[in-house]
Every structure is written in structure tokens, then in C-alpha cells.
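Here is the structure we will look at.
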Number of protein chains: 2
Amino acid sequence: MRTAPSLGAGSKTQAGDDNPLILKLSRFLPLTESDRQMLDGLIAGEAAYPADTDIVSEGMVPRFVFALKEGMAIRYRLLPDGGRQIMTFLIAGDLGDTHVSLLEAMDHSIGTITPVRVAPIPRDAILALFAGTPRLAAALRWSALQEEAMLRERIVSLGRRDARGRVAYLLCELLCRHQAVGLSDGAMVRLPLTQTELADALGLTPVHVNRVLKGFRERKLITLDRKKLHILDSEGLRAVAAFNHDYLRLGGASEDTRHAIAALERRQREDRPAL
Amino acid sequence: MRTAPSLGAGSKTQAGDDNPLILKLSRFLPLTESDRQMLDGLIAGEAAYPADTDIVSEGMVPRFVFALKEGMAIRYRLLPDGGRQIMTFLIAGDLGDTHVSLLEAMDHSIGTITPVRVAPIPRDAILALFAGTPRLAAALRWSALQEEAMLRERIVSLGRRDARGRVAYLLCELLCRHQAVGLSDGAMVRLPLTQTELADALGLTPVHVNRVLKGFRERKLITLDRKKLHILDSEGLRAVAAFNHDYLRLGGASEDTRHAIAALERRQREDRPAL
DNA sequence: CGTAGGCTTGATTCTTGTCAACCGCGGTGG
DNA sequence: CCACCGCGGTTGACAAGAATCAAGCCTACG
């Protein structure tokens, strides 16, 4: 059921080769063995939700942070007229409630698309991580930054791309993100979304999404059958999308950033040798 | 020229009554005199940019954080086809480059609409603030949270509201935000935007924005002349927008949050009594 | 075997975009 | 001081893209 991680950095087996959070973060900067163990510990907890259920609902104040280990979820808002806008798709390795901090009421809900396994993470564990391990803290902040960039990217899509561009862009993004956590099989991804859900994310109607997908199939850009998406012509699809994957910041940290983090780590060791 | 702050908490004159950043943050939680002085110091620096200039451009790595003291700016992206998508309007009290942290290349630009005065803030000053003053750090993170909520709200607008709804929503938002930093005069705001700029933010064409505004005027919802926006029928406008200002989180911190911050402050004092 | 949810398709409507022209104002240079 | 210029706003006619309405189909599932 779970596809094998195929694109990890090198093929030595290390702790967390199957931990998508680790895979994602190590795209940003190399993690030490102890970092990995810490992350593994962080997501040791386990809770499961069936498909189509809210994990946290609008108006609630969330009691814990969680990491998604398996399955797919969405951030969404319901509108007074009954409409739904999906803001983000969460996949394995993503964190819910990024802003650990100032938990007022949620202004949106997080719900499952498929059955989902999550690791509830106590707030304190995250706070400790932020305070105690500058390298992981930086990696986590980088991940938050990436998520924010994705929000901006969605704004661009909704504001300035036509239906074809939006669909193409979303497919490209989902492929890239799955690849980044080792959940793709070449140019194939599991895509457990209904066309209605795609439509709710793209600001379109299901009917129109259907027509756009049909067009893509006719132009041999993709196949999409039984929840499996194959990107046949990745160049072509990116052209339709005007896709630029820089915003996913898969490039990793710059020299400067690495140095700054190393400096923080040194300072950390000197300040609190005991911890 | 600058309108008097009218909605502050109480009317005693305190440091920074004219500092929009302070006004904004103190909506979240009360700031001590020393907090205010620290913030005043933070934005003591001064730089000016003429209208229609980039403060930071896509692809650059920003050399400093900045706070906007006067004028209006935008976060935007240029598309290959020449289009522009405006993601955010920045007004007095807003911070550019919220993520002080991991400065890789910017994935969007920040440019001025009007002539602008900014306070460049050294990275270290921000980092020190985060490390040394938990209360201000929390307030700043709250502000970042608010900005992220605004991004999500824009996604909802672009995805699920029609042209009228989008325009109405944006006007409501801009009014609220100006009021929050004491830059409104009742239901009147300076709105130095061209219809083209509105269109670029709303995913519409200038022509259509014009027609929508005309409709609003005919229905006596607003007047908009010589860059001055009057909201005549705030209820009506909100109805058109399905506006809910909760996402601006003007409510302030909860009891819980205040207690958590107070606890952090105590710990701070014990840990590093010297700083 | 029957049913429901989701996919597919066609016909039609409506919102928004496109193209084009004109106006009015503010600024600039003669 | 006046004429010109250019940008931004305004308006109309028309085109296009997406929504809506409606029906039929497939397939997983009970």
C-alpha cells in the first residue's frame, strides 16, 4: 500500500528513511543522526481518523499539534452559502497547526480526505525543540515558510491563471510534494481526490474540472484513473501551468544559512551544556 | 495629513501613540511602557522610497527587515505573461519580510504604491527581541499569524466570491486594518490605489472593477473619489462581501495566552536576570 | 442485484474579459 | 498662461470562459 521511498539522498539506510517529515526536512539541510532520532520520537504517537472527518474544526482551539504520517487531509473553510474553499492539501510529513504558538480559535478546519494516521505532538515538545535544537527549529521554520509560499502561490493561481493553468499547476505541485517525501513512483502519484475536491481547491466547478482533465488526457499530458495520476508529459504540463517549482524551495539552505545555524548550535552548547 | 489615532485603548498619552506598529500590537495584548520604548527604538531608523519602486525584488536576498511607517506598499509577483498578482497590501505598522529567519531568495517582490517611509531593522535586533522579550515576541508572532490568516482569506475570496464579493471584501478589510492602526477617519480611508491595482489584487480586470465600483456607488454603499473611500453603508457592504472580521483577530489574546506569556516572562527574568 | 457517488457529456446561460473609444484632470513645456 | 500629453477612469459592444442545468453511465459496495 505504501510506496517505497525511492528518491532519498543516497541509499544508506538511516533512521527515518521512512519518516516523511525527516525526508522533507533533510531537503533543506542535512540532519544529524540525533536530529533524526528526535524527530522519530516526535512522531512516535499515533492516532487514526477515518476518511471525511474533521481533525480540528473552525472555531475550536486545537489542543495539540499533529504531524500527518499517512493519508491526505485538507485545510478548508465553509462559506455561509454552503460553498467550500480548500486552501491546502496536507500529505505525509506535513504539520497541522503550524503556529504552535498563540492558539486562539481556528479560522478554518482541517479534515481528512482518506483515512489518516497522525502523530499528536504535545505543544511542549515543539516548544522545547524550538528552544533547544536550533537546527531542527530552523528546519521547521523553513517548512512553515514553504507552506506560506504555497499559500501565495495558490493566490497567484486563483487570481491569474485560467482553469487549465490552475489544474495543471496543482497537479505539478502535488507531484513535486509527493516526490519530496518519497511518495511518488516516478511520475506517478496516488491522488485520492474527487473532482469535486479538486474544484473546491481551484475555485472551479466539478463539471469544468472534468472537462479540463479530459482535455489534458486528449493532449496526452496525463492519465488519471482509479485515483492514480500519471504525468505523461511533464514538460507540456508545466508549460500549461507556467510552473516554477522554486517556491517549493527544494534547493536546500544556502551556505550563509548553514553557517548561521552552526553558530547558533555552538552558542547553544555553550549556554546550556546540560540540556 | 496624518489622522489622529482615535481608537487606542484609553486616551492617556503614552509613548508610541502615533506608532502604528505599537497600536497594532497592543490590540493583541497590553504592552508595557518598556515594550513601547523598545518598539519605538526598533523603528527609529528611517529610509524613504518614492512611489512605484521596489523595496525588495523577487530573487534578491533581503538584507534587512523593515517596518512600514507611512505610505502603502504591496507584495506582488510578476507572471511570465506580463500579468501581476498582488498578494497583500502593506500599510503603516506592517512588517516586510516577516520571516526574519532563513533568508533565501525572495519568491515575490515588495514595491511601493505611494511614497513610503520605512524603518530598516537589523536582523539582529529582531532576533534579540525574539530571544529576550517573550511578550513582544508573542505579539510579533501574532501579527505574523494575522498576516497568514489574511492570505487564507484572500484565497477564499479569489476562489469562492464573485467580483462584487471580492471588491466589497477588500474594501472592508482595508477599512478595518486602517482603523486598527489609527489611520481612518470614521468610515473614511485614504485609498491611494488605482483601479488597475485593485484588479491585480482581486484577479479581475480594471474594466470590471470599475463597473463593480459603479454599482456600489449607485447602491449608495460607498463613495470613492480622489483616493478617498467613504463607506456609506457598512452593513450593506459586509453583506455583499460575506465579511467576517474575525480573521483579523482584533479580539486580543485570551486569558490562557496571557498567562502563558506571563509565565515565559517570569522564566526569562530568572534565567537571564542581566539582560 | 440494486444503489449511490462520482464521472462524463451536452445544451444553455451568465459572468467576466477583451477591444475600443472618449473624457477629464494634472503636470509639463513652450 | 495656455496647449499638449498621458494616465486613469468611464462606458459600450462583443467574445470567451466558466457556471448551471440536466441526463446518462460506470463502478464499487452493500
Side-chain angles (χ1 to χ4, degrees), chain A residues 50-52 72 79 81-86 112-115 157-171 190-219 222-229 240-241, chain B residues 50-52 72 74 79 81-86 113-115 157-171 190-219 222-229 240-241:
Chain A
D52 267 309
M72 189 178 260
L79 281 88
D81 67 8
R84 172 174 70 167
Q85 177 63 42
I86 295 177
T112 61
I113 295 283
T114 66
S157 252
L158 292 172
R160 284 284 166 250
R161 277 186 255 266
D162 63 10
R164 271 184 299 271
R166 290 185 211 174
V167 175
Y169 205 99
L170 181 58
L171 297 183
R190 268 225 74 195
L191 199 84
L193 300 171
T194 66
Q195 294 180 351
T196 302
E197 281 151 353
L198 287 173
D200 282 345
L202 295 168
L204 300 169
T205 53
V207 177
H208 203 64
V209 167
N210 181 296
R211 289 196 244 262
V212 169
L213 288 174
K214 182 187 173 190
F216 286 177
R217 275 190 284 247
E218 282 167 358
R219 292 166 60 189
I222 64 163
T223 66
L224 176 53
D225 186 44
R226 316 177 169 275
K227 310 296 179 198
K228 299 217 169 193
L229 168 71
V240 174
Chain B
D52 266 311
M72 190 178 258
I74 51 174
L79 282 89
D81 67 8
R84 172 174 70 164
Q85 177 63 41
I86 295 177
I113 294 283
T114 66
S157 252
L158 293 173
R160 285 282 165 252
R161 276 187 254 266
D162 64 10
R164 271 183 300 269
R166 291 185 209 174
V167 175
Y169 205 97
L170 181 57
L171 297 183
R190 268 226 71 195
L191 199 82
L193 301 170
T194 65
Q195 294 180 351
T196 302
E197 282 151 353
L198 287 173
D200 283 345
L202 296 170
L204 300 169
T205 52
V207 177
H208 203 64
V209 168
N210 182 297
R211 289 197 245 260
V212 170
L213 288 175
K214 182 186 172 191
F216 285 177
R217 274 189 285 246
E218 283 167 358
R219 292 166 61 188
I222 64 163
T223 66
L224 176 51
D225 186 45
R226 317 180 166 274
K227 310 298 180 197
K228 299 216 169 192
L229 168 71
V240 174

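Below, read A as the first sequence line, B as the second, and so on, with proteins coming before strands; counting in each chain starts at 1.
Side-chain N/O atoms of K227(B) include one lying less than 4.0 angstrom from OP1 or OP2 on dG9(D). The phosphate of dG10(C) (OP1 or OP2) has no side-chain N or O of R211(A) nearer than 4.0 angstrom. Look at Q195(A) and you'll find a side-chain N or O under 4.0 angstrom from OP1 or OP2 of dT8(C). OP1 or OP2 of dT9(C) sits under 4.0 Å from a side-chain N or O of K214(A). Here R226(A) reaches the OP1 or OP2 of dA28(D): one of its side-chain N or O atoms lies under 4.0 Å away. Taking 4.0 angstrom as the limit, R217(A) places a side-chain polar atom (N or O) nearer than this to OP1 or OP2 of dT8(C). For N210(A) and dT8(C), the shortest distance from a side-chain N or O to OP1 or OP2 is below 4.0 Å.
Look at CG on L213(B): it is 13 Å from C1' on dG8(D), rounded to the nearest Å. Here dG12(D) presents its P atom at 15 Å from NE2 of H208(B), a figure rounded to the nearest Å. In this entry the distance linking CG of D225(B) with P of dG24(C) reads 14 Å, nearest Å. Between L202(A) atom CG and dG17(D) atom P there is a gap of 18 Å when expressed in whole angstrom units. The CG atom of L191(A) sits 11 Å away from the P atom of dC7(C) (whole-angstrom rounding). For the pair L198(B) CG and dT10(D) C1', the computed distance is 15 Å after rounding to whole Å. Counting to the nearest Å, the P atom of dT16(C) and the CZ atom of R164(B) are 7 Å from each other. The distance between atom CG of D162(A) and atom P of dT18(C), rounded to the nearest whole Å, is 10 Å.
Atoms CZ and CG, from R164(B) and L204(B) in turn, are 11.5 Å apart once rounded to the nearest 0.5 Å. Interatomic distance, CZ of R160(A) versus CG of L158(B), reported as 9.0 Å (0.5 Å rounding). The CG atom of D200(A) lies 10.0 Å from the OG1 atom of T205(A); values are rounded to the nearest 0.5 Å. Separation of atoms CG (L170(B)) and CD1 (I86(B)) is listed at 9.5 Å; rounding is to 0.5 Å.
In this structure, the side chain of T112(A) engages the main chain of P50(A) through a donor-acceptor pair within 3.5 Å.
Set against dT16(C), dT18(C), dC7(C), the side chain of L204(B) has dT16(C) as its closest nucleotide.
Using a 4.0 Å heavy-atom criterion, one finds that T194(A) contacts the sugar-phosphate atoms exclusively.
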